[in-house]
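The next block holds one structure in the form of structure tokens; read it before the comments.
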Amino acid sequence: MSITDKLTGSSPDGLPPLRDVIERYDLRAKKNLGQNFLLDLNITRRIARFCGDMSNRTILEIGPGPGGLTRALLIEGAARVIAIERDERCRPALEEIAARYPGQLDVHFGDALEADWPALTGTPTGPITIAANLPYGVASLLLANWLETEPWPPWFDGMVLMFQREVAERIVAEPNCKAYGRLSVLSQWRTEPKIVMNLPAEAFTPPPKVASAVVAFTPRASPSPACSVKTLGRVTQAAFGQRRKMLRASLKQLTPMPELLLQQAGLDPTDRAEDLAVSDFAAMAAILDTAAADKI
Ligand code: SAM
């Protein structure tokens, strides 16, 4: 933002400040929709820049709300933004942005948890990046849904997502720490996740109870070792479901011969889930996939 913009309170897109938009359309935040808005364009523009060069890119935004991040994405040069928002009250505010950027912003109203992503995005000319200040109640569910996409590599080439700090830390956690779990394994097997920005609760209106962080995910071309994502989910569920137990005990619910599975994967049966690397879980899933295929 230029010094003139700061002094006059005007935005580089010529649209009114977000506080005025919220007041004009009476967009009082609803707790049940996870509405904690980002009103500072300096912050949303920084987040938008983590999407990289957007001149040929379609951004899929979840929960644009009054449009803070949406405006930042368009100011920073997004060729196109496709957004899905659950709250119909945001329609007039988002229509104003769409009118300012003809042909560049499409807003769909509905539940992101029920979205058919390829149908929503159509066949864009350039790559797709998912960007969002996610509603925290459904953030992990949406993330798992994207990470479990089949086939892989997926229909998106990156994600820039805001989570509660605690969830962001689980995503990037390494073995041998409390935060390491199912979400860490799935995220790190399929992508390279990185916390790129931390934000205090006061950055939001209204402030949530917890701090937040932005995670940038780069999908891996070939997650390694290769295995079925469903089998990997079964392995991590068994292992982390009873994380204090040794694997020879916790994996009993997965296979009648956990010791054989662990031996084939070159793992110590007295290890616990927390001790294993991401690749160890995928190696066990691959062995189970081969065993299931051999039975046919
Ligand atoms: N993007 C805006 C910002 O950064 O200020 C708002 C972010 S706010 C944390 C989350 C947004 O997601 C809200 O606008 C809320 O209405 C919307 N939302 C909540 N649940 C949703 C769902 N299931 N599907 C689509 N949007 C949802």
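Residue numbers start at 1 and run along the sequence shown. Whatever order the structure lists them in is the order used to number ligands and atoms, beginning at 1. Both backbone and side-chain heavy atoms feed into the values below; hydrogens, waters and symmetry mates do not. Source: prediction; values computed, not measured.
Residue-ligand proximity, Asp111 to ligand 1, at heavy-atom distances under 4.0 Å covers atoms 22 (C), 23 (N), 24 (N). Within ligand 1, counting atoms from 1 as listed, the ones closer than 4.0 Å to a heavy atom of Gly110 are 24 (N), 25 (C). Counting atoms of ligand 1 from 1 in the listed order, those under 4.0 Å from a heavy atom of Leu33 are 15 (C), 16 (O), 18 (N), 19 (C). The contact set between ligand 1 and Asn36, taken as ligand atoms under 4.0 Å from a residue heavy atom, comprises 8 (S), 9 (C). Residue contact check: Glu61 has heavy atoms under 4.0 Å from atoms 1 (N) of ligand 1. Atom numbering of ligand 1 starts at 1 in the shown order; those under 4.0 Å from a heavy atom of Ala112 are 22 (C), 23 (N), 24 (N), 25 (C). Ligand-side atoms of ligand 1 in range of Gly34: 8 (S), 9 (C), 10 (C), range being under 4.0 angstrom from any heavy atom.
By heavy-atom distance, the residue among Asn133, Asp87, Leu27 lying nearest atom 4 (O) of ligand 1 is Asn133. Nearest to atom 16 (O) of ligand 1 by heavy atom, out of Glu85, Met162, Arg89, is Glu85. In the candidate list Pro135, Cys90, Gly137, Pro64, Pro135 is nearest to atom 18 (N) of ligand 1, counting heavy atoms.
Heavy atoms of other residues, nucleotides or ligands lying less than 6.0 angstrom from CD of Glu23 number 12 at most.
Using a non-hydrogen distance threshold of 4.0 Å, Gly65 registers as a contact of ligand 1.
Judged as a salt bridge (Lys or Arg N to Asp or Glu O under 4.0 Å), the pairs with a partner in residues 236-247 (not counting sequence neighbours) are, in order, Arg243-Glu274.
Here the heavy atom of the protein found nearest to atom 27 (C) of ligand 1 is Arg86 CB, 3.7 Å. Summary of contacts: the protein heavy atom closest to atom 11 (C) of ligand 1 is Gly63 O, 3.4 Å.
Relative orientation of the Trp117 and Trp146 rings is tilted, given thresholds of 30° and 60° on the angle between their planes. The aromatic rings of Tyr180 and Phe281 are tilted relative to each other, their planes meeting at an angle between 30° and 60°.
A salt bridge does not link Glu96 with Arg100: every distance from a Lys NZ or Arg NE/NH1/NH2 to an Asp or Glu carboxylate oxygen is 4.0 Å or more.
Under the 4.5 Å side-chain criterion, counting only non-hydrogen atoms from C-beta, Thr44 is not in contact with Arg71.
One N or O on the side chain of Gln35 and one on the backbone of Lys30 form a donor-acceptor pair closer than 3.5 Å.
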